[in-house]
2 protein chains.
Amino acid sequence: MQKQETLTKNQKIILDLIEKSDQPLKAYSILFDVKKKGINAPLQVYRALKKLVKIGKIHKIESRNAFIACKNSKCQIAKATIFSICESCEDVTEIHDHKLSEHLRDFKDNKGMKYNKYNLEFFGLCKKCV
Amino acid sequence: MQKQETLTKNQKIILDLIEKSDQPLKAYSILFDVKKKGINAPLQVYRALKKLVKIGKIHKIESRNAFIACKNSKCQIAKATIFSICESCEDVTEIHDHKLSEHLRDFKDNKGMKYNKYNLEFFGLCKKCV
DNA sequence: TAACGCTGTGTAATAATATAACATTTATAA
DNA sequence: TTATAAATGTTATATTATTACACAGCGTTA
Ligand SMILES: [Zn+2]
Ligand SMILES: [Zn+2]
Ligand SMILES: [Zn+2]
Ligand SMILES: [Zn+2]
């Protein structure tokens with residue numbers, strides 16, 4: 001059984017917003033949207049984002065400084081993320097590929113480093129933009 | 001034969017600095033260091049960084065907003081980068097693993113997306129920090 | 001109960017990262 | 001030569017993210 005996190009009011013408001021979008025949202029765009037719900041300052045947004053990332057409800061797209069909801073119950077540990085990003089329309093999709101995930105999970109370098117997380121971003125052109 | 005890029009003065013100054021460091025440097029720390037050489041504004045740094053990334057002389061560590069020199073003549077296309085990052089001491093190493101690179105290069109999703117680039121960052125604890 | 005640690009809140013200020021706009025200069029190509 | 005692309009220098013500004021501080025709520029435990 002997985003521990004069910006209880007989200008606070010601010011966290012819920014922000015998660016709701018991100019989940020309603022199928023594309024990544026930026027922190028200040030989130031801030032703009034939640035002002036009507038009483039969230040007034042950047043820090044309130046960043047604090048909620050940090051928690052949501054930590055518990056795996058959302059992921060940060062590092063190359064875009066944006067946040068997207070995770071739709072895969074299996075990666076809610078936030079430790080293994082793969083995305084494809086269209087450099088033309090900026091469409092982002094989370095990739096779930098068993099073989100690739102396995103390969104990455106099992107990767108060992110020759111420096112004795114102990115990994116506990118990875119993030120992979122593929123860039124290219126989506127079908128619509130080719 | 002590979003086309004040898006001719007770097008401009010600013011680009012050379014900034015590449016030199018980054019190559020002398022074995023760890024990633026941040027843009028404003030670079031700016032601070034090159035002020036004595038007549039580079040005065042952030043934009044001058046960011047323009048040089050952009051070019052150097054484009055020609056593969058340096059890579060951006062996206063999760064850290066920092067830039068590291070590429071020591072591998074083979075990835076000077078800047079299209080296929082893998083890094084390991086220690087979350088304790090922030091040590092960054094570029095990884096060259098033939099099998100993993102091959103796997104990533106050959107990866108195809110089921111959406112018909114055409115990839116031309118990827119960036120992979122592993123996080124964990126290095127030998128010293130375990 | 002009271003004291004404590006932990007997490008979250010609200011607010012203000014500020015730090016850190018990155019780009020826009022403009023005039024000019026330099027390098028390369030036709 | 002002309003023209004065209006790439007780089008420069010400068011000022012201003014936009015965007016992203018954190019520090020600092022006072023306080024509130026909650027569960028643990030002395
Ligand atoms: Zn996910
Ligand atoms: Zn697209
Ligand atoms: Zn490289
Ligand atoms: Zn370390």
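Below, chains carry the letters A, B, ... as their sequence lines are ordered, and counting in each starts from 1. Only this structure's heavy atoms are used, side chains among them; waters, hydrogens and symmetry mates stay out.
Atom CD1 of residue A/Ile82 and atom CZ of residue B/Phe107 lie 6.5 Å apart, to the nearest 0.5 angstrom. For the atom pair B/His59 NE2 and B/Lys71 NZ, the distance stands at 10.0 Å (nearest 0.5 Å).
In this entry the distance linking CG of B/Leu43 with P of D/dT15 reads 16 Å, nearest Å. Between the C1' atom of C/dT7 and the CG atom of A/Leu52 lies a distance of 14 Å, rounded to the nearest Å. As a whole-Å value, the separation of A/Leu49 CG from C/dG8 C1' is 15 Å. Rounded to an integer number of Å, the gap from A/Asn40 CG to C/dA13 C1' is 16 Å. Following rounding to the nearest Å, A/Phe32 (CZ) and D/dA14 (C1') show an atom-to-atom distance of 16 Å. If you take CZ of B/Arg64 and C1' of D/dA17, they are 14 Å apart, rounded to a whole angstrom. Regarding A/Ile61, its CD1 atom lies at a distance of 20 Å from the P atom of D/dT15, rounded to whole Å. The distance between atom NZ of B/Lys26 and atom P of D/dA17, rounded to the nearest whole Å, is 11 Å.
Note on B/Asn65: every side-chain N or O is 4.0 Å or more away from OP1 and OP2 of C/dA16. Listed pair A/Lys54 / C/dT7 fails the phosphate criterion, with no side-chain N or O lying under 4.0 Å from OP1 or OP2. Distances shorter than 4.0 Å separate some side-chain N or O of A/Tyr46 from OP1 or OP2 on D/dA17. Phosphate contact (OP1/OP2 of C/dT9, side-chain N/O of A/Gln44, threshold under 4.0 Å): absent. Under 4.0 angstrom from either OP1 or OP2 of D/dA5 there lies no side-chain N or O belonging to B/Lys51.
Shown here for B/Thr81 and B/Glu94, the closest heavy-atom pair between the two residues is CG2-OE2, 4.5 Å. Nearest heavy-atom pair across A/Ser84 and B/Met113 is OG-SD, 3.8 Å.
Along DNA chain D, the nucleotide nearest B/Gly38 and the nucleotide nearest A/Ala27 are compared for position; the residue whose nucleotide lies closer to the 5' end is B/Gly38.
Nucleic acid contact for A/Lys50: none, since no nucleic acid atom lies under 4.0 Å from a heavy atom of the residue.
Without hydrogens or angle criteria, A/Glu121 side chain to A/Ile61 main chain gives no donor-acceptor distance under 3.5 Å. The backbone N or O of B/Leu104 sits nowhere less than 3.5 Å from a side-chain atom of B/Asp106 that would complete a donor-acceptor pair. Although no hydrogens or angles enter the test, the distance criterion places no donor-acceptor pair under 3.5 Å between the side chain of B/Glu87 and the main chain of B/Leu125. Here the side chain of B/Lys37 pairs no donor or acceptor atom with the backbone of B/Ile14 at under 3.5 angstrom.
Between A/Tyr28 and D/dT16, a base-stacking contact is recorded: ring centres under 5.5 Å apart, planes less than 30° from parallel.
Of all the residues in residues 8-19 of chain A, A/Thr8, A/Asn10, A/Gln11 reach under 4.0 Å from DNA chain C with at least one non-hydrogen atom.
Residues B/Val45 and B/Tyr28 are not in side-chain contact: their nearest non-hydrogen atoms beyond the backbone lie 4.5 Å or more apart. The shortest side-chain heavy-atom distance between A/Ser63 and A/Phe83 does not fall under the 4.5 Å cut-off.
Between the two ends of the helix from C/dT1-D/dA30 to C/dA30-D/dT1, each summarised by a five-pair axis, the helix axis turns through 30° (rounded to 10 degrees).
The side chain of B/Arg47 has D/dT8 as its nearest neighbour among D/dT8, D/dT16, D/dA20.
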